[in-house]
Amino acid sequence: ISLDFEDCIKDSPNFRDMVHQSEVDALELESQIDRMVKHCTVMVDTGKVYNNACKGFIGSIHEVGYGSTDDPFVQETLKRFTQTMSEVTSFHTMLFDQAQRSVKTQLSSFLKNEVKPTRDLKKTFDKVSDDYLSALSKHAGAHKLKQNELDDTNAVLNATRKCFRSVAMDYVFQVNMLHNKKKFQCVDKLLSYMRALFTFFHQGYDLLKDLEPYMKSVSGQLEEVCKTNEDTRKSMVVEQERYQSMVILYLFALTGDSGMYMTWINEAIVIEGHLFKRASNAFKTWNRRWFTIKDNKLFYQKKKDDLTVVVDDIRLCTVRMSDETERRFCFEIVLPGKSFLLQAETDGARTAWIKAIQSSIGAAFKDTMDEIQTQVTYIPAAKKDTKSDNSNPTSFLEDGTGNIITKIYRIPGNKTCADCGKAEPRWASISLGVTLCIECSGVHRSLGVHVSKVRSLTLDQWEPEVVKIMFKLGNNHVNEIYTANATPGDHIKPGCSDDHRMAYIRAKYVDRKFAMSLPKALGPQPAYHGTTGTRLTRWTVSKRRRARPSPNRSPNRSRSPKVGFDCMTSVETCTDPNKRCSLFLTDELSSMFSYFDGSKYTSAGVVRADVNSQILICPDLASPVFDFRISPSVFTSHGKEYEETEIFDLEKLHPDLLMYRSAEAANLPVMLLAKCNNAKVNWMNDSDEGKTALMQAAISGSVPACEFLLVNGAKLESFDWKKRTALHYATLHNQTSVACQLLKRKIDLNAVDEDGKTALDIAVDAANADIVTLIRLKKMSDEMKE
Ligand SMILES: [Zn+2]
């Protein structure tokens with residue numbers, strides 16, 4: 001509303017009405033602005049609270065990002081997001097500041113400096129108006145005859161009118177000013193707030209626009225993650241269904257609510273649950289314990305981390321029902337040398353436990369077979385590099401036939417026929433350890449297998465044991481023994497006549513005309529050794545033993561520097577058991593035997609001995625003394641090599657004893673020397689409980705020595721005074737490789753010694769799980785064949 005100066009001067013009713021109206025307007029304006037300021041204050045204060053909440057929110061997101069060091073994607077994304085959010089918060093802060101400045105502060109001051117003074121002025125106006133009106137009334141009411149009174153009222157009236165007009169003019173001015181300012185102030189302040197809003201959203205838009213490409217890439221990555229998650233979820237669902245259907249339903253059907261549980265942990269079945277166990281003390285109290293079958297072990301615990309292993313290798317135990325006590329639902333676990341009683345909750349639970357333990361035993365055996373199967377699958381890979389890589393000794397034996405020739409040619413002297421010297425011999429005598437040309441091999445064959453057993457290097461299957469004989473001997477060593485006394489004229493040449501060849505080979509191997517005799521072998525030393533004329537009176541047998549490295553020790557520690565001085569050994573130690581075991585496989589069982597055979601296979605807790613005997617007698621080894629030493633069959637499990645020497649009277653040395661002792665030392669050249677001097681392979685040593693050379697070789701754990709004896713006619717069914725066989729001794733001395741070899745050669749499994757024990761009994765007593773497994777598998781296989 002605007003007031004008019006003219007009306008003001010007139011003081012018309014219109015003016016008065018307008019003044020009243022302006023008063024109402026001012027009041028309304030004051031209350032409106034007041035409300036606006038109040039709401040703006042609330043908005044700004046709430047905004048500050050909001051900003052603080054945002055900061056807290058950003059801080060917590062930042063913590064998540066900071067903690068995601070293992071996930072760079074999450075870390076980087078959250079970092080970028082919180083940066084943007086922090087900027088948005090600072091924009092908000094600016095917006096609220098602007099609202100505070102432009103709206104709240106300035107409108108407050110407008111109210112205070114403009115509206116309120118106007119209203120104050122109105123009060124003054126009202127008072128002056130009243131004075132003016134009363135002066136008018138007095139003036140009008142004065143007596144016309146009283147001049148003094150008239151003068152007074154007139155003066156007052158003039159003064160009040162003057163004052164009224166002045167105040168009224170001021171007021172009109174103020175009201176009009178306010179009216180104009182009202183437009184300006186409100187709109188202007190709100191306009192600046194709107195600008196602030198514009199800036200706020202504009203900056204926010206720019207900021208998020210910049211982030212948009214990054215958000216898109218995050219979204220892309222998230223889709224992939226989601227897909228992976230979905231795949232994982234699906235496979236988990238599948239797994240869960242499989243688990244539920246296969247395991248839980250089946251197992252609970254099997255076990256009922258018996259307190260026995262089976263779970264799959266790392267693809268292995270774990271059986272566990274509570275059982276009462278009878279204490280082995282005198283009180284025979286029954287205690288509730290948590291029993292577990294895992295990794296072929298049976299153990300129980302009273303509390304967490306308080307484990308007692310009852311059965312170290314489940315293959316060694318048997319389980320059966322027991323009605324021994326007054327208690328119900330008992331069963332017994334029988335171990336070598338002990339047994340203990342357990343009680344289940346119900347009869348069904350007892351059955352379930354017994355079945356579970358029995359199937360664990362079965363599974364343990366199956367695992368052994370599976371391991372062998374896995375080894376068998378190495379064949380194609382090994383075959384691949386057969387031809388390309390002849391120089392690599394690890395590939396020797398890989399296909400069992402053709403390539404064997406390359407390896408056998410590496411043995412000194414083997415590239416020419418041992419008898420006539422013809423190049424590239426294709427045949428071999430496994431009982432003598434020599435290579436032969438086809439003509440000479442024909443003569444060998446005609447002499448009978450008791451003299452020479454002939455095999456083709458290219459056509460026949462070569463078993464690893466037999467190959468080992470070849471590696472331990474070779475043409476040079478054999479000829480040093482068999483042609484020690486030959487003159488140059490005695491030898492034959494490749495193109496000689498059949499008769500000549502026949503005569504020479506007969507003389508060499510049957511009559512042993514040129515052979516090194518025992519006394520000659522023993523000394524006196526040849527002049528070139530510098531000990532001319534020394535006559536020996538004693539001989540000793542030396543054998544080095546070295547504990548096999550057990551799987552959890554580092555190869556460096558167990559490798560003795562002394563090992564490998566023997567040229568043969570160096571070839572052999574390079575063989576890779578994985579590849580090697582893949583050879584010569586015709587059926588499952590024989591593959592298993594190849595697996596165990598002389599390989600570096602070790603299972604936890606069983607330590608095998610490795611024998612590295614010195615080659616003693618062969619002159620090219622320049623051993624000045626015929627000196628071999630024997631260590632007893634006791635050895636440490638710490639990989640230490642040591643020697644022990646036994647000294648024998650030279651007078652009492654004879655070929656049989658030499659064979660016997662060299663079998664123990666696993667020294668094939670010396671064994672051949674003994675054979676060459678007509679040693680009896682099956683001679684029983686009366687001073688050693690009637691043991692045979694084969695038993696000695698079995699005790700030593702030497703596969704080549706055993707094989708050499710077997711191809712040279714050693715009998716598997718020999719018994720010593722304790723009625724033990726070589727298998728008994730291999731088992732007693734934990735010689736798994738030899739046990740395997742003997743089983744493969746079909747030694748009698750059921751032979752009983754004087755204590756009534758079979759080899760299996762001994763293995764069970766000694767808790768030698770490998771041999772137990774071997775023998776049981778062999779039995780299973782025999783039964784299947786029947
Ligand atoms: Zn020949």
Side-chain angles (χ1 to χ4, degrees), residues 390 396-397 400-463 466-517 567-568 571 618-620 668-669 671-673 675-678 704 707-708 711-713:
N390 286 343
F396 106 113
L397 293 187
T401 53
N403 203 45
I404 195 78
I405 196 163
T406 322
K407 317 298 176 190
I408 285 183
Y409 277 1
R410 292 213 185 110
I411 315 302
N414 278 18
K415 282 182 187 162
T416 55
C417 172
D419 294 338
C420 70
K422 188 176 176 183
E424 295 189 8
R426 298 280 170 188
W427 298 82
S429 166
I430 57 166
S431 58
L432 292 163
V434 292
T435 57
L436 301 167
C437 70
I438 187 159
E439 290 85 3
C440 295
S441 75
V443 179
H444 275 255
R445 215 178 265 115
S446 73
L447 300 176
V449 292
H450 61 286
V451 178
S452 182
K453 278 186 180 159
V454 177
R455 293 272 168 87
S456 165
L457 287 173
T458 52
L459 305 173
D460 283 327
Q461 291 272 310
W462 280 77
E463 292 176 285
V466 177
V467 176
K468 279 180 181 166
I469 299 178
M470 299 300 292
F471 282 141
K472 292 280 181 194
L473 293 168
N475 293 3
N476 282 5
H477 285 148
V478 175
N479 279 336
E480 275 154 15
I481 293 167
Y482 275 88
T483 61
N485 293 319
T487 61
D490 292 331
H491 293 293
I492 54 169
K493 292 208 163 54
C496 67
S497 69
D498 290 351
D499 289 348
H500 195 182
R501 193 189 302 274
M502 172 67 95
Y504 171 76
I505 292 174
R506 268 193 163 281
K508 182 173 171 184
Y509 298 107
V510 180
D511 307 329
R512 296 185 281 263
K513 250 173 91 177
F514 321 120
M516 180 188 282
S517 62
C567 63
M568 309 297 173
V571 177
C618 298
D620 73 317
L668 268 71
M671 290 168 81
L672 189 71
L673 173 70
K675 170 185 152 88
C676 175
N677 281 276
N678 218 12
E707 195 67 20
F708 179 81
V711 299
N712 281 293

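This chain uses plain numbering: 1 for the first residue, then up along the sequence. All values reported here derive from a predicted model rather than from experimental measurement. We count ligands from 1, going down the list as the structure has it; atoms in each ligand are counted the same way.
Note that the CD1 atom of I481 and the CG atom of N677 stand 9.0 Å from one another [nearest 0.5 Å].
What you find for H477 and K472 is that their closest heavy atoms are ND1-O, 4.3 Å.
Using a 4.5 Å cut-off on side-chain heavy atoms (C-beta onward), S429 and L436 make contact. Side-chain atoms of R426 and I438, non-hydrogen and from C-beta on, never get closer than 4.5 Å to each other.
Checking D419, T483, D490 one by one against K508, the side-chain hydrogen bond (donor to acceptor under 3.5 Å, both in side chains) holds for a single residue, D419.
Taking a cut-off of 2.8 Å, the protein N, O or S atoms nearer than that to the Zn ion (ligand 1) are C417 SG, C420 SG, C437 SG, C440 SG.
Side-chain N or O atoms of R501 include one that pairs as donor or acceptor with a backbone N or O of P494 at under 3.5 Å.
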